[in-house]
Amino acid sequence: MKLHDSSNVNWTRIAKMYHTANFRVISCIMLATFITPAFALLHSKNTFSLRHSHSLAAQSSLLSMSKDHFRPRTNRYGFGQQRPVRCPIALCSSVTDKQIPEESEPIRELKPLKEDEDFIKAVEEVKDAALNVTESSVKLTSTIVTRGPGIIGRLLQALVATEFRDDVQRRKKTYVSDWTDALDNKRKCIPAILFLYFACLAPVVSFGTIASQITEGSIGVVEFLVASGGAGMTYSIISGQPMTFVAPTGLTLAFLSGLYRFCSLKGIPFFPVYTWVGLWTSFFMITLGVRGSSKYIRYCTRFTDEIFNGLLSLNFIYEACASLRRNFLLADPMNLSMPFVSLSIALGTSWSTAKVIAFETSMFFTSKVRAALKDFGPVAVIIAFSAMNQLPSIKKFGVPTLTVPSTFQLAGGRDFLVPFMTVSKNIRWLCAFPAILLTSLFFMDQNISARVVNREENRLKKGAAYNIDMVALGIIIGVLSVFGLPWMCGATVQSMNHVKALTSQKFNEKTRKMEVDQVVETRATGFVIHAMLAATIHLLPLLTFLPIPVVSGVFLYLGRKLMTGNTFLKRILQSCAESNRLPKSHPINVLGRKKMNAFTLVQAFCLAGLWAFKQNSSTAIFFPGMIGLLMAIRTWILPNYFLEEELEALGDPTPR
């Protein structure tokens, strides 16, 4: 065998191979160093461990390659002598082409190690994965940009009911005219604003005084003025049907009284519980409105409407009579004339208000004069009786007047924002249960008030929007609850008076009756009226001149006015009437006296049960649930005893 000296080795080719191999190894290490962590964040821990093991294998392979290149080698002559081999790169720099023979022994090719092959495969996999991730990211981004709006739109369509979207489409067309119509009918709107200001102020002040008594000064007149003004202005802007008014009601006051008594008995702070009940109620109301639940109000038939309106009417009259009765109980023995003078002022206010409004249908003077007396008459009556109470001959009797603070201050000097996070999480969740009851009350009260406004007899042209009204009320309740202000809801009496005050009538020669000509459907009147209520806090000293019997007289008038058109109350009076003097279409002539009186008696028992449930302090908080019971009685019980033809004759057909 021919021996070759080491000088014949082609070191230039070896150096080039070494340089290329090292460059590849270093490039792979850098690639693995920067790409592997990024890829690992997008994959599972197992994938990361696999890539990390390949990186470690590559590093160990590099070390083994370094040792293989620089380890001492045995002598080629086989004598076992060892000498270090110089670095191939150094040899390349020191050896010239002339020193290297042209003919040399072919160099054996270096076989890559198994670790190098695994490492190269791992790097290729990382590169492929990185490219796939990049392509996926680009596709995902383009999909979000192009299809995202459509996906969000379909999601909103799934969450928002068709009924709510229809309300929005219907009312947005008339939103601008809801404001401009008032400018075109200033002569009709200005008197309505003045009358309704006092008509709305009386319940606010009265309920504020009563609330101050039942909550031991926690909520008073100032809170009711601020809440009524702010809620009314907001409702006139964002509601669907602006002809409906929101205001404090006796039923809401009954629930407030029950909630305060419950918190007092359990030793729980009232305002945090009040806020959480209101927030839950706000959430429920908004959800019901967005989901179009107002369509279920059709199951609240005339049977329920008439009982509910009868309850409201009875509550107004009861509050007025309770105030007058209090004068007799608390009268000074040395001044027993005061209760009788107060009674005279209340009855005079109620009677005079009813007469000046009814003057529109009389035959005296011209139609313009009668319309002016009807519009400005109630305001003039309130001012006249308040001025009369300041006369020395009347003032000596000491007729009680409104008691309000002289400056703007919340009851008890509390902060405006309620610290509602101070109660435990359990109490926050438990507040959802009374909120369900309050939601049922607001659902009924709001939708019944809106339905009274939207009924066909009023001839409104712009359409209803029950679901938008519920969402608007839910937003208002949430804001009022956070600030500890009294809740507002649909007020049937004020809403009816709002419609009537903006209604123009004409005499029909054929029927010989007054009929509705047109109604000014506007948001401006409600906004201005409630802005004046909010501004009343700057006129608190002047309210002390308003006699409480005058407020009681307005309550008597509103309660009596609410009875108008209630066939349930009419049937009570007609139960003993002679059938020959009644129209042929009257239920007595169609069904017989016994059948009609049976239906009327059921309504009377339901009304009595509601009243007793509301007046009982231990059950007042659960009172709203009883209203839902009326719908259950009408839907499932009465059809077992009355045929559909009989229910139609009574004016209460079953909804389809």
Side-chain angles (χ1 to χ4, degrees), residues 194-217 219-229 247-248 250 253 316-353 378-411 486 532-559:
L194 294 176
F195 165 64
L196 290 172
Y197 167 72
F198 288 98
C200 294
L201 179 64
V204 169
V205 174
S206 300
F207 286 136
T209 304
I210 297 172
S212 180
Q213 297 173 356
I214 63 178
T215 61
E216 299 177 353
I219 298 178
V221 176
V222 173
E223 285 84 354
F224 272 79
L225 286 172
V226 174
S228 181
L253 192 63
F316 270 103
I317 296 174
Y318 172 81
E319 295 295 341
C321 294
S323 176
L324 296 173
R325 177 175 174 269
R326 197 176 301 115
N327 293 331
F328 285 92
L329 296 177
L330 303 178
D332 187 356
M334 303 299 295
N335 186 19
L336 296 178
S337 299
M338 184 274 292
F340 294 97
V341 174
S342 299
L343 178 61
S344 300
I345 292 176
L347 295 177
T349 302
S350 178
W351 182 84
S352 301
T353 303
V379 179
V381 169
I382 294 174
I383 295 175
F385 277 94
S386 298
M388 185 181 66
N389 187 56
Q390 297 300 316
L391 296 176
S393 57
I394 304 296
K395 193 173 183 178
K396 65 180 181 180
F397 294 108
V399 176
T401 58
L402 293 178
T403 303
V404 295
S406 58
T407 58
F408 175 73
Q409 183 182 10
L410 296 181
M532 293 171 63
L533 288 177
T536 306
I537 59 177
H538 300 292
L539 305 175
L540 291 176
L542 295 179
L543 291 181
T544 57
F545 295 101
L546 184 63
I548 292 179
V550 172
V551 178
S552 300
V554 174
F555 268 46
L556 289 173
Y557 166 75
L558 294 177

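The heavy-atom pair separating A211 from F224 by the smallest distance is CB-CE1, 3.4 Å. Here the closest heavy-atom approach between residue S342 and residue P549 is recorded as O-CB, 3.3 Å. When all heavy atoms of G553 and S350 are compared, the closest pair comes out as O-CB, 3.4 Å.
The shortest distance between side-chain heavy atoms of V205 and T536 does not fall below 4.5 Å. Put simply, the side chain of F207 does not reach to within 4.5 Å of the side chain of P486, judged on heavy atoms. Using a 4.5 Å heavy-atom cutoff, the side chains of T353 and I382 are not in contact.
For the atom pair L225 CG and H538 NE2, the distance stands at 11.0 Å (nearest 0.5 Å). Annotation: the span from L546 atom CG to L201 atom CG amounts to 7.0 Å, rounded to 0.5 Å. The structure places CG of L556 at 7.0 Å from CD1 of I317, a figure rounded to the nearest 0.5 Å. Taking OG of S352 as the reference point, atom CZ of F385 lies at 4.0 Å (rounded to 0.5 Å).
Here the side chain of T401 pairs a donor or acceptor atom with the backbone of T544 at under 3.5 angstrom. Checking side-chain atoms of S552 against main-chain N and O of I548 turns up a donor-acceptor pair under 3.5 Å. The backbone N or O of G220 sits less than 3.5 Å from a side-chain atom of E223, completing a donor-acceptor pair. Of the possible donor and acceptor atoms, one in the side chain of T349 sits under 3.5 Å from a partner among the backbone N and O of I345.
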List the atom pairs, donor and acceptor, that lie under 3.5 Å between side-chain atoms in residues 324-338 and the rest of the protein, sequence neighbours left out.
unit_1	atom_1	unit_2	atom_2	d
D332	OD1	M334	N	3.2
N335	ND2	F397	O	2.7

Original post:
Could you walk me through whether L533 and Y197 pass the side chain to side chain contact (heavy atoms under 4.5 Å, CB included) check?
Top reply: CA-CA 7 Å; L533 288 177; Y197 167 72; 3.8 Å; yes
